[in-house]
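These notes are about the structure you will find just below.
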Amino acid sequence: MKRYLFLVLVGTILLLLGMSNVPERAEVPIIMYHSLAGMGKSTSISGEAFEADLRYLQDAGYQAVTLRNLADFVHHGVPLPERPVVLTFDDGYYNNYSIGFPLAVRYEMPIVISVIGKDTEIWSGIASKDFKDGHVTWAEIRDMAESGFVEIANHTWDLHKHAGGRKGAAMRPGEDVEQYRAVLWEDLGRLQEALVEQSGVRPVGFVFPFGRLSPEATEILREMVFLASLSCRDGVNVLTRGAPLCLFELKRFERTPERSVREILEGLG
């Protein structure tokens, strides 16, 4: 922690003095995973496949970073590795903890896991674990966060659904901005508070369920002190120092059984 604060302080001072050798821009691919149950779903791969991805990344010279690392680059000029990549897991499945977390530690590749508050609350009260569809508990979130190899992101408390005309965390038809603001503050804020209380974690990143988003969301997320948000659109992100808006609606490549990380990254040319 002390080293992290030192790097932020030094980066901020150099940025203000115009003396930093850190590049003005950085290209960062982000990979989107879901379950590691390997049950044949279009969004599920096996633990072996994830480990193969990590081996490829390591051999190819990539270094995994977190959303906070991206924010530190943009806001404070803290340098990123030469070949950065962000590895994200949506929905907070138990197998992210039982399989993904140990592999992240073994290969020294930090990962970002976005959790759904309601599911975590439910599974925190269940003794037996469902490897396929179970979700992480508050205690498991704390365990991962304290390791330094997992960053937790907010994936809503209970908006990971299509209900009442609303799709995920997007604005509902006919809803005005103030109504929409109240919905996000109530739902996302509830998860932020629960994570602080239950696990000692306050996420800096928000992940839009299903990639459904509204242009009005970024302003509201910044009001809530989020530093980054993730979409589901393909593409490499170009981050610019001193331009915080570039951290919102970040693009991600979805890792499916048919598309490995090697194929994704080598296909970028």
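The figures that follow rest on heavy atoms only: side chains count, while hydrogens, waters and symmetry mates do not.
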Inset, instruction - Check whether any side-chain N or O of Glu146 sits under 3.5 Å from a backbone N or O of Asp143 as a donor-acceptor pair, and report yes or no. - result: no
Legend entry - Worked check of side-chain hydrogen bond (donor to acceptor under 3.5 Å, both in side chains) between Arg255 and Ser260: CA-CA 6 Å; Arg255 170 51 159 111; Ser260 70; 5.4 Å; no
Inset, instruction - Look at the aromatic rings of Phe208 and Phe206 and report parallel, tilted or perpendicular, splitting at 30° and 60°. - result: perpendicular
Legend entry - From CG (Leu57) to CG (Leu87), nearest 0.5 Å: 6.0 Å
Inset, instruction - Kindly give the heavy-atom pair with the smallest separation between Gln58 and Tyr107, and that separation in Å. - result: NE2-O, 3.5 Å
Inset, instruction - May I ask you to decide if Val22's main-chain N or O and Arg241's side chain share a donor-acceptor pair within less than 3.5 Å? - result: yes
Inset, instruction - Locate the shortest heavy-atom distance separating Thr88 from Val86; write the atom from each residue and the value. - result: CG2-CG1, 3.7 Å
Legend entry - Val238 to Cys246 - nearest heavy-atom pair and separation: O-CB, 4.2 Å
Legend entry - Side chains of Asp234 and Lys251 in contact at under 4.5 Å (non-hydrogen atoms): no
Inset, instruction - To the nearest 0.5 angstrom, please state how far the CG atom of Leu184 sits from the OG1 atom of Thr156. - result: 10.0 Å
Legend entry - Non-hydrogen side-chain atoms of Ile31 and Ile264 separated by less than 4.5 Å: yes
Legend entry - Side-chain touch Arg233/Glu249, heavy atoms, less than 4.5 angstrom: yes
Inset, instruction - May I ask you to check whether Phe50 and Phe89 place their ring centres under 6.0 Å from each other? - result: yes
Inset, instruction - Taking Ser214 for its side chain and Met171 for its backbone only, find out whether a donor-acceptor pair lies under 3.5 Å. - result: yes
Legend entry - Beyond-backbone contact of Tyr94 with His135, side-chain heavy atoms, under 4.5 angstrom: no
Inset, instruction - Go through the steps for Glu263 and Arg259 under the test salt bridge (charged side-chain N to carboxylate O under 4.0 Å, His left out), then give the verdict. - result: CA-CA 6 Å; Glu263 292 169 323; Arg259 186 166 72 158; over 6 Å; no
Inset, instruction - Would you confirm whether the ring centroid of Phe210 sits within less than 6.0 angstrom of the ring centroid of His162? - result: yes
Legend entry - Atom pair CD1/OG1 of Ile126 and Thr137 - distance to nearest 0.5 Å: 11.0 Å
Inset, instruction - Check whether the ring centres of His34 and Tyr93 lie less than 6.0 Å apart, and answer yes or no. - result: no
Inset, instruction - Would you check if the side chain of Arg142 reaches a backbone N or O of Gly200 as a donor-acceptor pair within less than 3.5 Å? - result: no
Legend entry - Ala169 backbone acceptor or donor facing Tyr180 side chain under 3.5 Å: yes
Inset, instruction - Taking Thr240 for its side chain and Ala243 for its backbone only, find out whether a donor-acceptor pair lies under 3.5 Å. - result: no
Inset, instruction - State whether Asp90 and Arg252 are salt-bridged, where the test is any N-O pair (Lys NZ or Arg NE/NH1/NH2 against Asp/Glu carboxylate O) under 4.0 Å. - result: yes
Legend entry - Which atom of Leu191 lies closest to which atom of Asn154, heavy atoms considered: CD2-OD1, 3.3 Å
Inset, instruction - Starting at CD1 of Ile45, measure out to CD of Glu51 and round the result to the nearest 0.5 Å. - result: 11.0 Å
Inset, instruction - Could you tell me whether the side chain of Arg166 and the main chain of Ala170 form a donor-acceptor pair under 3.5 Å? - result: yes
Inset, instruction - Kindly say whether Leu195 contributes a backbone atom to a donor-acceptor pair with the side chain of Arg202 at under 3.5 angstrom? - result: no
Inset, instruction - Would you give the length of the straight line joining atom CE of Met109 to atom CG of Asp53, rounded to the nearest 0.5 angstrom? - result: 10.5 Å
Legend entry - Heavy-atom side-chain contact between Glu254 and Tyr33 under 4.5 Å: no
Legend entry - Side-chain donor/acceptor of Asp158 to backbone N/O of Lys118, under 3.5 Å: no
Legend entry - Intermediate values then yes/no, side-chain hydrogen bond (donor to acceptor under 3.5 Å, both in side chains), Trp157 and Glu186: CA-CA 9 Å; Trp157 179 271; Glu186 192 282 328; over 6 Å; no
Legend entry - With sequence neighbours excluded, residues passing side-chain contact (heavy atoms from CB on, under 4.5 Å) with Ala37: Ser35, Met39, Ser44, Asn95, Phe131, Lys132
Legend entry - Nearest-0.5 Å distance, NZ of residue Lys129 to OG of residue Ser98: 9.0 Å
Inset, instruction - Evaluate the criterion side-chain contact (heavy atoms from CB on, under 4.5 Å) for residue pair Leu230 and Ile30; output intermediate values, then yes/no. - result: CA-CA 9 Å; Leu230 302 180; Ile30 301 178; 4.1 Å; yes
Inset, instruction - Locate the shortest heavy-atom distance separating Arg181 from Ile220; write the atom from each residue and the value. - result: CA-CD1, 3.7 Å
Inset, instruction - Using modelled atom types only, decide if a donor and an acceptor are shared between the side chain of Thr120 and the backbone of Val136 within a distance under 3.5 Å. - result: yes
Legend entry - Any Leu245 side-chain heavy atom under 4.5 Å of Arg222 side chain: yes
Inset, instruction - Measure across Pro257 and Ser42 and return the closest heavy-atom pair with its distance rounded to 0.1 Å. - result: CD-O, 3.4 Å
